[in-house]
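Keep in mind that the numbers below use all heavy atoms, side chains included, and drop hydrogens, waters and symmetry copies. Proteins come first, then strands; the chains are lettered A, B, ... in the order of their sequence lines, and each starts at number 1.
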Protein chains: 2
Amino acid sequence: MLSKACEYGIKATVFLAQQSKNDLLSNVNEIAGAGNSPVAFTAKILQQLARSGIVASVKGAQGGFYIEKNVLRKLNLLQIVTAIDGDAITTECVLGLSHCSEINPCPMHSKYKVIKAEIVNMLHTTLVSELADDLDQKLTFLKN
Amino acid sequence: MLSKACEYGIKATVFLAQQSKNDLLSNVNEIAGAGNSPVAFTAKILQQLARSGIVASVKGAQGGFYIEKNVLRKLNLLQIVTAIDGDAITTECVLGLSHCSEINPCPMHSKYKVIKAEIVNMLHTTLVSELADDLDQKLTFLKN
DNA sequence: TTTAAATAGGACTAATTAGTCCTGTTTTAG
DNA sequence: CTAAAACAGGACTAATTAGTCCTATTTAAA
Ligand code: FES
Ligand code: FES
């Protein structure tokens with residue numbers, strides 16, 4: 001469903017959201033450590049998220065990443081998934097037909113479209129800030 | 001969500017179900033052609049499905065694959081997915097934690113588990129024979 | 001009985017995804 | 001002003017998934 005890059009990206013973003021609520025910057029080591037994700041790969045993904053305007057970065061000593069308050073307020077999971085994996089999740093046919101449509105539906109189309117809509121809706125309505133709150137209350141975890 | 005192998009496997013099985021209702025054998029070329037899937041790769045997947053008892057094969061000239069009537073009667077998509085991709089779809093954490101559980105839930109767990117349950121339920125309750133009927137009525141298609 | 005059509009299966013190659021590493025630049029602290 | 005801590009980004013390597021190809025075996029038909 002999600003690529004590894006996207007999994008790491010979501011974990012990184014949720015962690016950063018938690019830190020950013022306390023106005024803390026985090027560097028790549030802290031971020032990767034929190035989700036035990038590979039450090040260098042996480043750095044790549046953070047660059048991508050920074051280019052997409054999802055996270056902000058401060059260069060130089062004592063620098064790091066954070067999420068701007070007004071971005072965080074509205075930031076949802078679909079934005080992260082789309083920034084990293086593109087829109088395949090919304091457009092692809094579950095059986096690999098060249099595109100999912102009502103005009104040339106695959107055998108699973110009618111059953112899958114309901115689920116796809118729920119996935120997209122869930123991603124779209126889930127705010128990173130809610131997830132960060134759960135994390136802060138130790139109701140959820142970024143690693144085992 | 002599904003591997004390419006699984007996509008081809010499902011398409012092959014639905015096609016075979018349609019053919020088998022008319023007591024027709026199909027060879028790998030016909031099966032791959034119907035779903036425009038790569039021939040040699042489809043052959044591999046059919047071998048796997050044959051070892052799993054989902055399809056049956058007849059060797060030699062005029063041979064091919066088919067699905068036994070009593071298998072087809074109850075055959076659902078989850079059986080095919082499990083035979084090819086294993087049970088990852090039911091057991092994996094959407095954020096890549098080592099396993100999905102209520103005890104160490106990831107930030108997406110509570111929202112994702114609902115969707116996962118619906119996916120698994122959909123796969124489990126969808127009979128290949130229904131899909132084959134839709135295909136037969138040209139309501140659905142295996143390629144564009 | 002030979003030949004050709006077919007599956008079975010292993011070894012291989014190609015493509016994609018995952019992940020590392022190095023070099024450059026920015027910035028702060030000493 | 002210099003050193004060290006950090007991000008930026010490109011080039012590379014590793015692992016996994018996707019896909020091919022060849023050889024052996026089976027079997028029906030000519
Ligand atoms: S056509 Fe296959 S999922 Fe819509
Ligand atoms: S723990 Fe992540 S989906 Fe259940």
Residues 13-20 of chain A side chain polar contacts: donor-acceptor under 3.5 Å, at least two apart:
{"unit_1": "T13(A)", "atom_1": "OG1", "unit_2": "G9(A)", "atom_2": "O", "d": "2.6"}
{"unit_1": "Q18(A)", "atom_1": "NE2", "unit_2": "D136(A)", "atom_2": "OD1", "d": "2.9"}
{"unit_1": "S20(A)", "atom_1": "OG", "unit_2": "L16(A)", "atom_2": "O", "d": "2.7"}
{"unit_1": "S20(A)", "atom_1": "OG", "unit_2": "I67(A)", "atom_2": "N", "d": "2.9"}

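- Exactly one residue among V81(B), I80(B), L77(B) makes a side-chain contact (heavy atoms from CB on, under 4.5 Å) with L2(B). That residue is V81(B).
- Note on I89(A) and L97(A): separate hydrophobic clusters, where clusters join Ile, Leu, Val, Met, Phe, Trp and Tyr whose side-chain heavy atoms are under 4.5 Å apart, directly or indirectly.
- Between the CD atom of Q48(A) and the C1' atom of dG10(D) there is a distance of 14 Å, rounded to whole Å.
- Under the salt bridge (Lys or Arg N to Asp or Glu O under 4.0 Å) criterion, E92(A) pairs with no residue, sequence neighbours left out.
- Applying the salt bridge (Lys or Arg N to Asp or Glu O under 4.0 Å) test to K4(B) and every residue at least two apart in sequence or in another chain returns E7(B).
- Between S57(B) and dA8(C) there is a side-chain polar atom (N or O) within less than 4.0 angstrom of OP1 or OP2.
- Defining each end axis of the helix from dT1(C)-dA30(D) to dG30(C)-dC1(D) as the rotation carrying four pairs' C1' atoms onto the next four, with five pairs an end, the two axes are found to diverge by 10° to 10 degrees.
- Rounded to whole angstrom, the span from the NZ atom of K4(A) across to the P atom of dT17(D) amounts to 10 Å.
- In terms of position along DNA chain C, the nucleotide closest to A43(B) lies nearer the 5' end than the nucleotide closest to the other residue of the pair F41(A) and A43(B).
- Residues passing the side-chain hydrogen bond (donor to acceptor under 3.5 Å, both in side chains) test with N76(A), sequence neighbours excluded: Q79(A).
- Every side-chain hydrogen bond (donor to acceptor under 3.5 Å, both in side chains) that S98(A) has, sequence neighbours left out, goes to N144(B).
- Checking side-chain atoms of S129(B) against main-chain N and O of L127(B) turns up no donor-acceptor pair under 3.5 Å.
- The salt bridge (Lys or Arg N to Asp or Glu O under 4.0 Å) check on K143(A) picks up nothing, with sequence neighbours excluded.
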(message) Using a 4.0 Å heavy-atom cut-off to protein, can you give one letter per nucleotide of nucleotides 25-30 of chain D, 5' to 3': B if the base is in contact, S if only the sugar-phosphate is, - if neither?
(response) -BBS--

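- Atom CZ of F65(B) and atom P of dA5(C) are 17 Å apart (whole Å).
- Among residues two or more places apart in sequence or in another chain, the salt bridge (Lys or Arg N to Asp or Glu O under 4.0 Å) test is passed with D85(A) by none.
- Applying the 4.0 Å criterion to OP1 and OP2 of dG19(D), one finds that Y8(B) has a side-chain N or O inside that range.
- Distance L2(A) CG to dA18(C) C1': 15 Å, rounded to the nearest Å.
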Below 3.5 Å, can you tabulate the donor-acceptor pairs from side chains in residues 44-59 of chain B to any protein atom, sequence neighbours excluded?
{"unit_1": "Q48(B)", "atom_1": "NE2", "unit_2": "A83(B)", "atom_2": "O", "d": "3.4"}
{"unit_1": "S52(B)", "atom_1": "OG", "unit_2": "Q48(B)", "atom_2": "O", "d": "2.9"}

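- Residues from residues 25-39 of chain A lying near DNA chain C, meaning a heavy-atom separation below 4.0 Å, are P38(A) in numerical order.
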Just the table, please: protein N/O against nucleotides 9-12 of chain C N/O, every pair under 3.5 Å.
{"unit_1": "dG9(C)", "atom_1": "OP2", "unit_2": "R51(B)", "atom_2": "NH1", "d": "2.9"}
{"unit_1": "dG9(C)", "atom_1": "N7", "unit_2": "Q47(B)", "atom_2": "NE2", "d": "2.7"}
{"unit_1": "dG10(C)", "atom_1": "N7", "unit_2": "K44(B)", "atom_2": "NZ", "d": "3.2"}
{"unit_1": "dG10(C)", "atom_1": "O6", "unit_2": "K44(B)", "atom_2": "NZ", "d": "2.3"}
{"unit_1": "dA11(C)", "atom_1": "N6", "unit_2": "K44(B)", "atom_2": "NZ", "d": "3.2"}

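- Rounded to a whole Å, the CD1 atom of I45(A) is 9 Å from the P atom of dA18(C).
- Cluster membership check: L139(A) does not share its hydrophobic cluster with V114(B), using side-chain heavy-atom separations under 4.5 Å among Ile, Leu, Val, Met, Phe, Trp and Tyr.
- In terms of modelled atom types and a separation under 3.5 Å, the side chain of K116(B) and the main chain of T90(B) share a donor-acceptor contact.
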